[in-house]
Protein chains: 2
Amino acid sequence: MDRLKILVVDDESRMRKLVRDFLVKNNFEVLEAEDGEQAVDIFFQKKDIALIVLDVMMPKMDGWQVCREIRAYSKVPIIMLTAKSDERDELQGFELGVDEYISKPFSPKILVARIEAILRRTNQMENNEILSCGGIEVNKAAHQALIDGEEIELSYKEFELLTYFVENRGIALSREKILNNVWNYDYFGDARTIDTHVKKLRSKMGSKGDMIKTIWGVGYKLEE
Amino acid sequence: MDRLKILVVDDESRMRKLVRDFLVKNNFEVLEAEDGEQAVDIFFQKKDIALIVLDVMMPKMDGWQVCREIRAYSKVPIIMLTAKSDERDELQGFELGVDEYISKPFSPKILVARIEAILRRTNQMENNEILSCGGIEVNKAAHQALIDGEEIELSYKEFELLTYFVENRGIALSREKILNNVWNYDYFGDARTIDTHVKKLRSKMGSKGDMIKTIWGVGYKLEE
DNA sequence: ATAAGTATGTCAAATTTGTGAAACCATACT
DNA sequence: AGTATGGTTTCACAAATTTGACATACTTAT
């Protein structure tokens, strides 16, 4: 199995090295960012970051801001490193959806333990997750889609698109929204490519293809 | 921007005051109810309550009952205040769709933080709210309109127009106002075009079409 | 009665979507 | 390296839908 990617964001290289060494020893793959902007860039470029370790105090863009930007698109677990445990900060972090706090100075062992606990928790939740909706079943972990119990062969993008539809069943999705979520957020191609993929998806889904409704002037919707 | 309304339900006035003061300080508008009946009344009278803080132990109608009655019609977020964290109660609340638990005694700061977290979550999630008015139901997220529970097919503009009517039910709307809100603000076409759309809407709404009243010399109004 | 406002049916123009083919691109295989 | 393969994107045109204007009929207020 692949090693899980962890993004470590801190402006101090010494701190990054400390954390990285420990995480690598514990069989994680580590990516580093030295400021908030870099962090956001890397996060949206690589789409398979499993967890983020984020320092609060940073130049340019602080940890809270990074958190907000990422939370606008993703539920990836975030661990915040704070200088001291300050109630106000914790409250702000809670609102932003921070999963865990660790105040400096901390023991690397504790950090690894918390990371593993969080990953165990979130993987457990998402692993056995089979999304289903009206005869469509999507198993994200297995990257497999079933229609009425029978597997259909989908390409990568088709699968991602179907997953996005199932996750947002019943909701009208604009092409812009689909592009931002299924494609990379910095994709600047033609939005009509969605039409092509929808067409293929529909045909591969056979009779269930009708479940993807066109909403004229808006986009598409998977019928509930 | 308007302040969000929060309904605080507790039989102890001291507790209500405590919560209210804190919420007002945090820029919420607070409505109070001292028992379950009042709570339900107020909730259905005011139609724009953003969240409910609900005490479990109350005379007349307890928190669970209030929760059930409200959940029958609305998905408004509910935070339950419990005397002690009791596992059985938490399970019951989970089934009833309680969003969050806070056990007394609690820190007002935590309460505010949780409220804001929930509001952010639900507001961002999608405005999955369903506007309804006399047999008309409009689901903005799904881009779907129901008349007496049955879906009617509307074009983009028709849907926007109906939504605008429902959002401003009972209010006389001039053509100019409608143009500015449903059409782009830089639309300089003929205001008579609204008549055409109103006509189509009325016909698609069947018997409920009468609910859109003509106000001679002014514009239109959706009857409450 | 008359003038001003509104309802309704029709229709051409504009917009949006469906579709198939072709171009492009990355990857694995010979 | 060259080639085959399959996925992805673009493009052009056809098909479908929406939309706003207009003409005519109708209603209301004075």
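Per chain, numbering begins at 1; letters A, B, ... match sequence-line order.
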Distance in angstrom units between E153(A) CD and dT5(D) C1', rounded: 15 Å
Salt bridge (Lys or Arg N to Asp or Glu O under 4.0 Å) against R169(A), all qualifying residues, sequence neighbours excluded: none
Show every donor-acceptor pair shorter than 3.5 Å between a side-chain atom in residues 205-220 of chain B and any protein atom, with sequence neighbours excluded, or say none if there are none.
from: K208(B); atom 1: NZ; to: D148(B); atom 2: OD1; distance (Å): 3.1
from: K208(B); atom 1: NZ; to: D148(B); atom 2: OD2; distance (Å): 3.3
from: T214(B); atom 1: OG1; to: R202(B); atom 2: NH2; distance (Å): 2.8
from: Y220(B); atom 1: OH; to: R175(B); atom 2: NH2; distance (Å): 3.3

Nearest-angstrom distance from the residue atom CG of L179(A) to C1' of dT9(D): 12 Å
Test salt bridge (Lys or Arg N to Asp or Glu O under 4.0 Å) applied to K200(B) - qualifying residues, sequence neighbours left out: none
Nucleotide dT8(D), atom P - distance to CH2 of W183(A) in whole Å: 9 Å
Separation of atom NZ in K199(A) from atom C1' in dT16(C), rounded to whole Å: 17 Å
Those residues that, when tested against K60(A), pass side-chain contact (heavy atoms from CB on, under 4.5 Å) (two or more places apart): D35(A), E37(A)
Contacts of Y164(B) that satisfy side chain to side chain donor-acceptor pair (under 3.5 Å) - sequence neighbours left out: N181(B)
Worked check of side chain to side chain contact (heavy atoms under 4.5 Å, CB included) between L154(A) and L201(A): CA-CA 8 Å; L154(A) 298 179; L201(A) 242 187; 4.0 Å; yes
Qualifying salt bridge (Lys or Arg N to Asp or Glu O under 4.0 Å) pairs with a residue from residues 154-167 of chain B, counting only residues at least two apart or across chains: K140(B)-E167(B), E158(B)-K204(B)
N/O contacts under 3.5 Å, protein versus nucleotides 21-25 of chain D?
from: dA21(D); atom 1: OP1; to: D190(B); atom 2: N; distance (Å): 3.2
from: dA21(D); atom 1: OP2; to: Y187(B); atom 2: OH; distance (Å): 3.2
from: dA21(D); atom 1: OP2; to: D190(B); atom 2: N; distance (Å): 3.0
from: dA21(D); atom 1: OP2; to: D190(B); atom 2: O; distance (Å): 3.4

Residues which pass salt bridge (Lys or Arg N to Asp or Glu O under 4.0 Å) with R20(A), listed by chain and number, not counting sequence neighbours: E32(A)
Euclidean distance, atom CG of residue D195(A) to atom C1' of dT16(C) [Å, nearest integer]: 9 Å
Test salt bridge (Lys or Arg N to Asp or Glu O under 4.0 Å) applied to K17(A) - qualifying residues, sequence neighbours left out: D21(A)
Proximity to DNA chain C (any heavy atom under 4.0 Å), residues of residues 154-163 of chain B only: none
More than 12 heavy atoms from other groups under 6.0 Å of CZ on F44(B): yes
Pairing residues for Q144(A) by the side chain to side chain donor-acceptor pair (under 3.5 Å) criterion, not counting sequence neighbours: E151(A)
Rounded interatomic separation in angstrom, taking CD1 from I178(B) and P from dT6(C): 11 Å
Positions of residues 209-221 of chain B (non-hydrogen atom under 4.0 Å from DNA chain C), listed by number: T214(B), I215(B), W216(B), G217(B), V218(B), Y220(B)
